[in-house]
There are 2 protein chains.
Amino acid sequence: MDAIISEDARVVRTREALRQAMTDLASEAPLEAITIRAVAARAGVGYATFFRHYADKEALLADVADQLTRAFLEQVRPLLRQKDRLAAARSLCAFVEDHLPIHRALIAGGAGDTVRAEMLRQTLATVAQARGRVPESALDELVLFHVVSSILNLLAWWLRNLDRVDAEAMGEIIERTVLTPVGALQRQPPAGLEPGGPAS
Amino acid sequence: MDAIISEDARVVRTREALRQAMTDLASEAPLEAITIRAVAARAGVGYATFFRHYADKEALLADVADQLTRAFLEQVRPLLRQKDRLAAARSLCAFVEDHLPIHRALIAGGAGDTVRAEMLRQTLATVAQARGRVPESALDELVLFHVVSSILNLLAWWLRNLDRVDAEAMGEIIERTVLTPVGALQRQPPAGLEPGGPAS
DNA sequence: TCGTTATGATACACTGTGTATCGTAACTGG
DNA sequence: CCAGTTACGATACACAGTGTATCATAACGA
């Protein structure tokens with residue numbers, strides 16, 4: 001199994017330049033207004049070269065979102081194990097604030113919808129893999145979907161209104177509007193769901 | 001002020017055909033795969049005729065979303081005045097279930113992201129206009145944003161999983177994960193927000 | 001240093017958009 | 001019912017963006 005032995009320096013350089021260019025442009029214009037030619041130009045790379053690395057615009061954006069999501073999850077994972085949800089939410093907001101430019105460009109920028117969708121997709125896949133396997137109850141699946149998409153939405157709003165709410169308050173809002181209510185729902189689920197629900 | 005005296009019957013017919021065609025196609029394919037030519041063809045209308053009514057694809061979709069939002073708000077408004085949040089949430093889900101095809105096509109379909117964004121936009125504008133005026137506190141604005149987008153997101157998930165959760169359970173989930181937590185947040189706001197917060 | 005490989009530049013076919021034009025058909029007001 | 005108005009269908013067109021192909025050149029790794 002000869003995995004990644006050594007990647008050509010030019011490839012690494014070009015890919016990084018393209019990712020950076022896409023991130024830059026995403027903070028300036030909506031995704032549909034970003035042409036592949038513009039990305040290549042900003043990256044200082046030939047137009048045709050783009051397609052030697054990514055099939056299309058979305059593939060590059062997915063790669064960018066993928067890297068962001070990895071850092072995101074790496075940061076969040078240890079927080080989920082602890083029981084103090086408020087501290088966890090505040091840590092997340094502090095982390096976002098510490099790496100403001102990239103989060104503002106990608107989560108709240110012109111490609112925010114696509115990036116958040118990709119982050120949601122990857123997070124769901126990661127969690128499903130971390131658990132036993134995929135077959136969750138409907139409630140578990142819905143709760144996970146709601147938590148992730150709500151947090152990303154709230155962060156997107158916050159990143160467009162940083163001057164109005166500080167990180168600590170934002171953490172408290174996330175904890176009180178998302179994390180705690182969802183915990184209560186899991187402890188005492190409603191009826192009318194598919195079988196396989198609570199394992200009380 | 002000569003408003004709408006009488007609209008040419010052909011115009012009404014063509015617009016309705018285009019809206020219906022867009023709705024149909026949105027339930028079958030992602031928005032970027034829906035061409036204006038396909039919409040015109042499905043509507044039984046000439047290609048050039050499309051542009052006599054809408055500037056582009058998004059304008060038609062906005063019109064469709066606008067009509068859906070009107071019906072939506074008309075349905076929800078009376079429920080907001082009542083204090084029983086659970087009953088209100090269940091009514092909303094029952095309403096969606098009663099008009100399943102159009103909601104599934106537009107909220108959960110291939111143009112779901114765009115439609116939900118447009119519904120959010122219009123709802124925010126409507127509420128801002130209904131209140132005194134625009135200048136709300138940061139908390140109010142964030143809460144409203146969160147409530148509307150969360151509900152639309154939850155409905156989108158539900159419309160893709162109708163067989164797993166019934167309308168009553170879905171209403172309870174919305175009430176417990178969105179409405180009630182937000183009410184508690186408004187009654188006891190966190191610190192760290194811009195001035196103009198609670199009017200206690 | 002030498003063979004390999006990524007890159008730049010350029011040309012090309014293709015698809016979708018939006019505009020312009022003109023003869024025809026349908027509607028409205030009288 | 002009729003005459004003027006107006007929307008429609010069809011077609012041609014310019015334009016922009018995508019994705020592919022080709023080839024000489026430069027940069028890389030061993």
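All of these numbers come straight from a predicted model, not from anything done at the bench. Below, read A as the first sequence line, B as the second, and so on, with proteins coming before strands; counting in each chain starts at 1.
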message: For nucleotides 19-27 of chain D, give me one character per nucleotide, 5' to 3': B if any protein heavy atom sits under 4.0 Å from the base, S if the only such contacts are to the sugar-phosphate, - if neither.
response: BBBB---BB
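When rounded to the nearest whole Å, the span between CG of B:Leu60 and C1' of C:dG18 equals 16 Å. Between the CZ atom of A:Arg15 and the C1' atom of C:dA6 there is a distance of 11 Å, given to the nearest Å. Rounding to whole angstrom units, CD of residue A:Glu32 and C1' of C:dG18 are separated by 17 Å. Between the P atom of D:dG29 and the CG atom of A:Asp8 lies a distance of 6 Å, rounded to the nearest Å.
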Determine all donor-acceptor pairs shorter than 3.5 Å in which one atom belongs to a side chain in residues 72-86 of chain A; sequence neighbours excluded.
residue	atom	partner	partner atom	Å
A:Gln82	NE2	A:Asp84	O	3.2
A:Asp84	OD1	A:Leu86	N	3.2
A:Asp84	OD1	A:Ala87	N	3.1

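For B:His103 against B:Leu68, the heavy-atom pair with the smallest separation is NE2-CD1, 3.8 Å.
Regarding contacts with the backbone of D:dC8, a side-chain N or O of B:Thr14 is found under 4.0 angstrom from either OP1 or OP2. Considering only side-chain N and O atoms, A:Thr49 lies under 4.0 angstrom from the phosphate OP1 or OP2 of C:dG8. The side chain of A:His53 contributes an N or O atom lying less than 4.0 Å from OP1 or OP2 of C:dT7.
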Residue pair A:Leu61, A:Met22: steps toward the side chain to side chain contact (heavy atoms under 4.5 Å, CB included) verdict: CA-CA 7 Å; A:Leu61 197 59; A:Met22 177 59 98; 3.9 Å; yes
field: Derivation and outcome, side chain to side chain contact (heavy atoms under 4.5 Å, CB included), residues A:Ile173 and B:Leu139
entry: CA-CA 9 Å; A:Ile173 288 172; B:Leu139 183 63; 4.3 Å; yes
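Atoms CG and CZ, from B:Leu155 and B:Arg104 in turn, are 13.5 Å apart once rounded to the nearest 0.5 Å. Atom CZ of residue B:Phe50 and atom CZ of residue B:Arg37 lie 12.0 Å apart, to the nearest 0.5 angstrom. Considering CD1 of A:Ile107 and CG of A:Leu159, their distance stands at 6.0 Å, rounded to 0.5 Å.
Axis orientation changes by 50° from one end of the helix from C:dT1-D:dA30 to C:dG30-D:dC1 to the other, with each end axis drawn from 5 pairs and the value rounded to 10°.
Proximity of a side-chain donor or acceptor of A:Thr126 to a complementary backbone N or O of A:Gln122 within less than 3.5 Å is detected.
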